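In what follows, a structure is listed as structure tokens, so that the remarks can point back to it.
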Amino acid sequence: MGKGGMSHGETKDGSEVNMAAWLVGINNIKIQPFELPPLGPYDVRVQMKAVGICGSDVHYLKTMRCADFVVEEPMVIGHECAGIIQEVGSEVKTLVAGDSVALEPGISCWRCNQCKEGRYNLCPEMKFFATPPVHGSLANQVVHPADLCFKLPDNVSLEEGAMCEPLSVGVHACRRANIGPETNVLILGAGPIGLVTMLAARAFGAPRIVITDVDDYRLSVAKKLGADDIVKVSTNMQDVAEEVEQIQKAMGAGVEVSFDCAGFNKTMSTALSATGSGGKVCIVGMGHNEMTLPLTPAAAREVDVIGIFRYKNTWPLCLEFLRSGKIDVKPLITHRFGFSQKEVEEAFETSARGSTAIKVMFNL
């Protein structure tokens, strides 16, 4: 197991039992005791205050799996989180009890070639909150390495700190695609990740951003958050050519970079067709495992296809964007719940239902 904890049970010294939301079966979450591991010299114990629900959490709840990761035994859910430090290990010099922090959820090995080369997000031994068999952070308290806990600026709330995790995906995507003041950006998918990618692209200086989706409400949210134009699309592959024309008209210039934040056959086909010669398509969403795509025409125009997986070294920049006001994630938090059994169930139902829910947040 990762640093988050090991197994459920009562504390030996009679102190208050640490409780967590355990995924115990399909559509079955139970709040149960969660025993924390001993505090290591470089660890901190954090009282969770804000935990968001991610699409992967919902996948695990509905199917007990997400991509190749399968839940084979009860697991604590949650990985988008922030809290207040309660205790620090003997060698921790940068944080003290009482500090508000945002937690980066992945613990890499720092020994493999990927880690040594600085791409620790690709570490094959990564221990990531709520990725089986590692427990997550929807709990009263967790133990985590201090170097993965980032102190919040005074004007950044704990909820905003928890939003650093999804925002990190957008920031990492923008870094990978080299977004700047001369990059016109197309975003396919106006869900939570599409919206944070849009906010990140703007913060990186993108002068014009067009976003597409099948849902009118999400497009309206994107427009309010600063999209220059929106294009409603269908799920029909036969509409790709017509929709590409609409996108190019809405952009009013060439598309330098497209972010596919859905990862479906149609969205990737649209991205490859809409992106201008010499541009880039960045795969952010992972909806379909296999796709049939117009790669040859894209290759003939030297359109590069790049992927991203999670993020690396993004928390400091995310916090600076939030501190400076370059990015405001508060409008993305549409629903809030407490940490009772009933509220946990209602929160996951709300997130899974979608509709007007963008980011569902627990306040512990």
Side-chain angles (χ1 to χ4, degrees), residues 1-25 28-54 56-57 60-61 71-92 95-107 127-152 158-159 161-162 165 336-348 360-364:
M1 291 298 179
K3 284 288 185 183
M6 295 180 295
S7 61
H8 59 279
E10 295 185 359
T11 55
K12 296 177 181 178
D13 61 3
S15 60
E16 187 175 342
V17 175
N18 186 47
M19 304 299 285
W22 290 77
L23 177 61
V24 297
N28 191 358
I29 291 181
K30 298 293 184 186
I31 295 181
Q32 299 177 156
F34 178 36
E35 183 179 344
L36 294 178
L39 189 74
Y42 296 97
D43 294 334
V44 292
R45 180 167 55 84
V46 186
Q47 181 180 359
M48 290 289 95
K49 287 295 185 179
V51 181
I53 296 179
C54 174
S56 64
D57 296 322
Y60 284 126
L61 176 63
V71 180
E72 296 179 344
E73 58 184 25
M75 178 185 79
V76 177
I77 203 78
H79 63 270
E80 303 177 359
C81 55
I84 299 174
I85 292 182
Q86 301 298 301
E87 184 181 5
V88 301
S90 60
E91 298 300 318
V92 175
L95 297 168
V96 297
D99 282 346
S100 295
V101 292
L103 283 68
E104 181 173 351
I107 306 171
K127 293 178 174 61
F128 195 93
F129 276 158
T131 299
V134 182
H135 290 312
S137 59
L138 185 48
N140 296 136
Q141 298 191 10
V142 300
V143 169
H144 205 53
D147 66 302
L148 295 174
C149 296
F150 298 85
K151 189 173 179 179
L152 301 184
L158 287 155
E159 285 190 339
E165 199 280 338
R336 293 172 172 86
F337 292 87
F339 191 51
S340 67
Q341 178 68 43
K342 180 181 179 182
E343 287 178 291
V344 167
E345 292 172 358
E346 289 178 351
F348 273 92
V360 176
M361 185 73 65
F362 289 104
N363 295 134
L364 284 78

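What you see is a predicted model, and the numbers here were worked out from it, not measured in a lab.
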* Would you sort out whether V101 and F150 count as a side-chain contact (heavy atoms from CB on, under 4.5 Å), showing the intermediate values? => CA-CA 5 Å; V101 292; F150 298 85; 5.8 Å; no
Results of side chain to side chain contact (heavy atoms under 4.5 Å, CB included) for [X] - residues two or more places apart only:
X: T131; result: Y60, F69, F128, R310
X: K30; result: V24, N28, Q32, Q341
X: V92; result: V44, V88, L95, A146
X: E72; result: V70

Which atom pair, heavy atoms only, marks the closest approach of [X] to [Y]?
X: C81; Y: F129; answer: SG-CE1, 3.9 Å
X: P33; Y: V17; answer: CB-CG1, 3.6 Å
X: A82; Y: G161; answer: CB-C, 3.9 Å
X: V143; Y: P37; answer: CG2-O, 3.9 Å
X: G52; Y: D57; answer: O-OD2, 3.9 Å
X: V76; Y: H135; answer: N-ND1, 3.1 Å

* Please report the C-alpha distance between F348 and V360 in whole Å, then the side-chain angles of each, then the deciding distance to 0.1 Å, and finally whether the side-chain contact (heavy atoms from CB on, under 4.5 Å) criterion is met. => CA-CA 8 Å; F348 273 92; V360 176; over 6 Å; no
* To do: Any pair with a residue in residues 74-88 that passes salt bridge (charged side-chain N to carboxylate O under 4.0 Å, His left out), sequence neighbours left out, goes on the list, sorted by first then second residue, please.
  =>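 Qualifying pairs, neighbours excluded: R45-E87, E80-K359.
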pair [X]-[Y]: side-chain heavy atoms closer than 4.5 Å:
X: F339; Y: V344; result: yes
X: S100; Y: K151; result: no
X: E165; Y: L103; result: no

* Taking only residues two or more places apart in sequence or in another chain, which ones pass side-chain hydrogen bond (donor to acceptor under 3.5 Å, both in side chains) with S90? ->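 side-chain hydrogen bond (donor to acceptor under 3.5 Å, both in side chains) list for S90, sorted by chain: empty.
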Distance (rounded to the nearest 0.5 Å) between [X] [atom1] and [Y] [atom2]:
X: I29; Y: L138; atom1: CD1; atom2: CG; answer: 7.5 Å
X: H144; Y: C149; atom1: NE2; atom2: SG; answer: 5.5 Å
X: M19; Y: L364; atom1: CE; atom2: CG; answer: 12.0 Å
X: Q86; Y: M48; atom1: CD; atom2: CE; answer: 9.5 Å
X: F34; Y: Q141; atom1: CZ; atom2: CD; answer: 11.0 Å
X: L23; Y: I77; atom1: CG; atom2: CD1; answer: 5.0 Å

* To do: Show the numbers, then the answer: is there a side-chain contact (heavy atoms from CB on, under 4.5 Å) between E159 and N363?
  => CA-CA 8 Å; E159 285 190 339; N363 295 134; 3.0 Å; yes
* To do: Could you check S56 against H79 for side-chain contact (heavy atoms from CB on, under 4.5 Å), going step by step and ending with a plain yes or no?
  => CA-CA 10 Å; S56 64; H79 63 270; 3.3 Å; yes
* To do: State which residues pass salt bridge (charged side-chain N to carboxylate O under 4.0 Å, His left out) with E345; sequence neighbours excluded, sorted by chain then number.
  =>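 For E345, no residue satisfies salt bridge (charged side-chain N to carboxylate O under 4.0 Å, His left out) once neighbours in sequence are set aside.
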* Asked: Is there a donor-acceptor pair under 3.5 Å between the side chain of N140 and the backbone N or O of N18?
  ->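 It does not hold such a pair.
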